[in-house]
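Please read the structure below before turning to the comments.
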Amino acid sequence: MQMFKAPRGTVDLLPQEQRYWRYAEQAAAGVCRRFGYQRLDTPTFEASGLFVRGVGEQTDIVQKEMYAFEDRGGDLVTLRPEGTAPACRAYLEHGMSSLPQPVRLYYFCPIFRYERPQAGRYREHHQFGVEAIGDGDPAIDAEVIQLGWSYARELGLGKLSLVVNSIGDPACRPGYLQALKEYYGAYLPHLCQDCRGRYERNPLRLLDCKQERCQPFIASAPRSSDYLCDACKEHWRRLLAYLDLLSIPYTTSHRLVRGLDYYTRTVFEIQPPDEGGQSTLLGGGRYDGLVQELGGPPTPGIGFGSGFERMVLNLKRQEVRVPEVLPRPVVIVHSGPQALEYGLGIAARLRKESLTVIVAPAQRSLRAQMRYASSVNARYAVVVGETEVRQRTGSVRDMDNASQEEAPEADLAAYLVAKVGLEQAG
RNA sequence: GUGGGCGUGGCCUAGUGGUUUAAGGCGCCAGGUUGUGGCCCUGGAGAUCGAGGGUUCAAAUCCCUCCGUCCACCCCA
């Protein structure tokens, strides 16, 4: 019999992992609530064309990473490889341009990209993302960045760095790209193999090369911020002023470029302290042409995506304290068939009071059941045997200090609720 | 897609050609008498040593292929 495994690049989120995810999710939802962002859920798959148009034909995502297939009706669909295009599609489809602008949205969703898995990178990963659509002012850029920064900080991660850059818009970027190519043209023979390809296909990426030999060229390459048109320059200047005003520590980097075609002007990332490839925890930027590209009216927008897997990785690395999701249970320990029946009734009543109750496995000795209670980290055990059944009582054992008290069946719930309440208060 | 490391019970590891009918630890199950846990003790279940092929009298151990996994690159969250 062949054994099945989770598909390559996917993982099972086991119970002991869950607390990290709930922790990050709750932080994200909380920040969004405070900033007035509303949740949007879009389908897990979309028409392939949405991504080809939105993300860009030349991007790696479209070229080689899409989970695309023809469905039984002959439609070409793709498992969502990113969150912004679907959000913009929904914005258009549901006439959100007639809502008060900007429309502030957030989402949690799985993202699919066919890539070779490695540390912090999966074929299915999960993103928390935010989009503010319908406002082109840099104040919104600052808001979205502030939201992302607050989220990352709230998780308790230390030593994060925020990097921002402006890559211009359709008015000024061509001029910059040309300057870049002219600059690099002279050094082509000295560049690494990858960079020679980038020179032709995507010059901006030249700035992102990690090869030792290419570093000197990057350092003295022309900077996008020096080639901005007046409008972009003003946008950039104001954004930085707002970030200063908000006391959000940032560094600017002309090396920060992002891989999706739709980005204009502002791009930003939040990175953890440690070096290494897959380190970006949160990344985004402005996409003023995207909605129009998808067939809508000219509509500015800005947003970011943040990968849960990487956040969790860093939470663990930095040993951030994360609360347990499941409270320590009350375990019903029973001896004999009558006691089991009696115990089941008690369990039901305790659960009505919202306590977490586990009935110890049947057909085991009392001793084994007590061991079981310990092994599941029970806070209290309610022991019921012949005596308790006869007297309609339960013996409540405090598993931490081995003290034990008997209480009438009718009072058990209230008794334990008081105990547990005390516990949680302390 | 390219390059490298690694694949021994659920988990971690020992064993690098014949004392191996593969060992230990954790975990799991049972027991340590009569109704009670955490420590300790005893016992048990659980591995065709990733798969296939080859070399050899003999392979977990050497070689090849494939698969998986991890890491790095490309790229990205």
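Excluded from the calculations below are hydrogen atoms, water molecules and symmetry mates; all remaining heavy atoms, backbone and side chain alike, are included. Lettering follows sequence order; numbering is per chain, from 1.
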Produce the list of close N/O pairs, under 3.5 Å, pairing protein atoms with atoms of nucleotides 1-7 of chain B; give distances to one decimal.
from	atom 1	to	atom 2	distance (Å)
B:U2	O4	A:Arg116	NH1	3.1
B:U2	O4	A:Arg116	NH2	3.3
B:G3	O6	A:Arg116	NH2	3.0

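- Between the side chain of A:Gln215 and the backbone N or O of A:Cys209 there is at least one donor-acceptor pair closer than 3.5 Å.
- No engagement by A:Arg123 is indicated, since no non-hydrogen atom pair under 4.0 Å with the nucleic acid exists.
- Atoms CZ (A:Arg371) and P (B:A30) sit 9 Å apart, rounded to a whole Å.
- Within a 6.0 Å sphere centred on CZ of A:Arg201, heavy atoms belonging to other residues, nucleotides or ligands number 12 at most.
- Using atom C1' as the reference point in both B:G44 and B:G27, the two lie 14 Å apart (nearest Å).
- Taking all atoms of both residues into account, the shortest heavy-atom contact from A:Gly54 to A:Tyr262 is O-CD2, 3.1 Å.
- Among the heavy atoms of the strands lying under 4.0 Å from A:Arg258 are primed sugar atoms or P, OP1, OP2 only; no base atom is included.
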Item to complete: Please assess A:Lys316 against A:Val312 for the test side chain to side chain contact (heavy atoms under 4.5 Å, CB included), listing each intermediate value before the final yes or no.
Response: CA-CA 6 Å; A:Lys316 289 177 181 172; A:Val312 169; 3.8 Å; yes
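- Looking at A:Arg265, its side chain never comes within 3.5 Å of a backbone N or O of A:Trp236 through a donor-acceptor pair.
- Using a 4.0 Å heavy-atom distance criterion, A:Ala402 is classed as a base contact.
- Evaluated for a side-chain hydrogen bond (donor to acceptor under 3.5 Å, both in side chains) with A:Tyr107, the options A:Glu131, A:Arg39, A:Gln38 yield exactly one hit, A:Glu131.
- Taking CD of A:Glu293 as the reference point, atom CZ of A:Arg53 lies at 4.5 Å (rounded to 0.5 Å).
- For B:G37, the base has a donor-acceptor partner in the side chain of A:Ser374 [N/O atoms by modelled type, under 3.5 angstrom].
- Distance CG (A:Asp194) to C1' (B:C75): 10 Å, rounded to an integer number of Å.
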Worksheet item: Could you walk me through whether A:Glu143 and A:Tyr242 pass the side chain to side chain contact (heavy atoms under 4.5 Å, CB included) check?
Response: CA-CA 9 Å; A:Glu143 174 181 295; A:Tyr242 290 136; over 6 Å; no
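- With a 3.5 Å limit on both pairing distances and Watson-Crick or G-U wobble geometry required, the stems of 3 or more pairs in RNA chain B span B:1-7 with B:67-73, B:10-13 with B:23-26, B:28-32 with B:40-44, B:50-54 with B:62-66.
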Worksheet item: Where do A:Thr42 and A:Arg80 land on the side chain to side chain donor-acceptor pair (under 3.5 Å) test, with the steps shown first?
Response: CA-CA 9 Å; A:Thr42 62; A:Arg80 171 180 43 220; 3.0 Å; yes
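- The pair A:Asp60-A:Arg205 does not meet the salt-bridge criterion, since no charged nitrogen lies less than 4.0 angstrom from a carboxylate oxygen.
- Residue A:Leu282 is in sugar-phosphate contact alone, with no base atom involved, counting any heavy-atom pair closer than 4.0 Å across all strands shown.
- A heavy atom closer than 4.0 Å to some atom of RNA chain B occurs in A:Gly305, A:Gly307, these being the qualifying members of residues 299-309 of chain A.
- Nearest heavy-atom pair, A:Pro102 versus A:Ile140, reported as atom, atom and distance to 0.1 Å: CG-CD1, 3.9 Å.
- Among the protein residues, A:Asp400 comes within range of the nucleic acid bases, having at least one heavy atom under 4.0 Å from a base atom.
- Considering A:Phe108, A:Phe308, A:Trp21 as possible partners of A:His126, the one that fulfils the ring pair (Phe, Tyr, Trp, His ring centres under 6.0 Å) test is A:Trp21.
- Taking atom CD on A:Gln193 and atom C1' on B:C75, their separation rounds to 17 Å, with Å as the unit.
- The aromatic rings of A:Tyr227 and A:Tyr176 sit tilted, their planes meeting at an angle between 30° and 60°.
- Rounded to an integer number of Å, the gap from CD of A:Gln127 to C1' of B:C76 is 9 Å.
- A:Arg8 contributes no side-chain N or O that forms a donor-acceptor pair with the base of B:G68 under 3.5 Å.
- Within residues 77-89 of chain A, no residue has a heavy atom under 4.0 Å from RNA chain B.
- With sequence neighbours excluded, the residues forming a side chain to side chain donor-acceptor pair (under 3.5 Å) with A:Arg34 are A:Glu154, listed by chain and number.
- Considering only side-chain N and O atoms, A:Arg397 lies nowhere under 4.0 angstrom from the phosphate OP1 or OP2 of B:G37.
- Atom-to-atom, CG of A:Leu160 to C1' of B:A77 comes out at 14 Å; the value is rounded to the nearest Å.
- Close to B:C71, at under 4.0 Å from its OP1 or OP2, lies no side-chain N or O of A:Gln118.
- Mapped onto RNA chain B by nearest heavy atom, A:Pro7 and A:Glu269 fall at different nucleotides, with A:Pro7 at the one closer to the 5' end.
- The residue A:Leu281 sits close only to the backbone: its heavy atoms come under 4.0 Å of sugar-phosphate atoms, none of a base.
- Atom CE in A:Met66 sits roughly 15 Å away from atom C1' in B:C75 (whole-Å rounding).
- Geometrically, A:Lys181 engages A:Tyr199 in a cation-pi contact defined by less than 6.0 Å to the ring centre and at most 45° from the axis.
- One can find a donor-acceptor pair under 3.5 Å joining the base of B:U36 and the side-chain atoms of A:Gln404.
- Summarising the geometry of A:Val333 relative to A:Gln369, their closest heavy-atom pair is CA-OE1, 3.5 Å, with the distance given to 0.1 Å.
- Close to B:C73, at under 4.0 Å from its OP1 or OP2, lies no side-chain N or O of A:Gln211.
- The CD1-P distance, from A:Ile332 to B:U36, rounds to 18 Å in whole Å.
- Rounded to whole Å, the distance from CZ on A:Arg310 to P on B:C71 is 12 Å.
- At the heavy-atom level, A:Gln63 lies nowhere under 4.0 Å from the strands shown.
- Counting any heavy atom pair closer than 4.0 Å across all strands shown, A:Tyr122 reaches a base atom.
- Using a 4.0 Å heavy-atom distance criterion, A:Arg113 is classed as a base contact.
- Within 4.0 Å of A:Ala119, counting heavy atoms only, lie sugar-phosphate atoms of the nucleic acid but no base atom.
- Less than 4.0 Å separates RNA chain B from no heavy atom of any residue of residues 102-110 of chain A.
- Between A:Ala413 and A:Arg349, the closest heavy-atom pair is CB-O, 4.4 Å.
- Heavy-atom distances to RNA chain B give each of A:Met399 and A:Ser365 a nearest nucleotide, and the one nearer the 5′ end belongs to A:Ser365.
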Item to complete: With side chain to side chain contact (heavy atoms under 4.5 Å, CB included) as the test, would you mind laying out the steps for A:Phe51 and A:Leu79 before giving the verdict?
Response: CA-CA 10 Å; A:Phe51 301 114; A:Leu79 265 35; over 6 Å; no
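- Across all strands shown, A:Thr59 has no heavy atoms under 4.0 Å from either base or sugar-phosphate atoms.
- More than 12 heavy atoms of other residues, nucleotides or ligands shown are found within 6.0 angstrom of CD on A:Glu406.
- At the heavy-atom level, A:Gly120 lies under 4.0 Å from base atoms of the strands shown.
- The side chain of A:Arg367 places no N or O atom within less than 4.0 Å of a non-bridging phosphate oxygen (OP1 or OP2) of B:U36.
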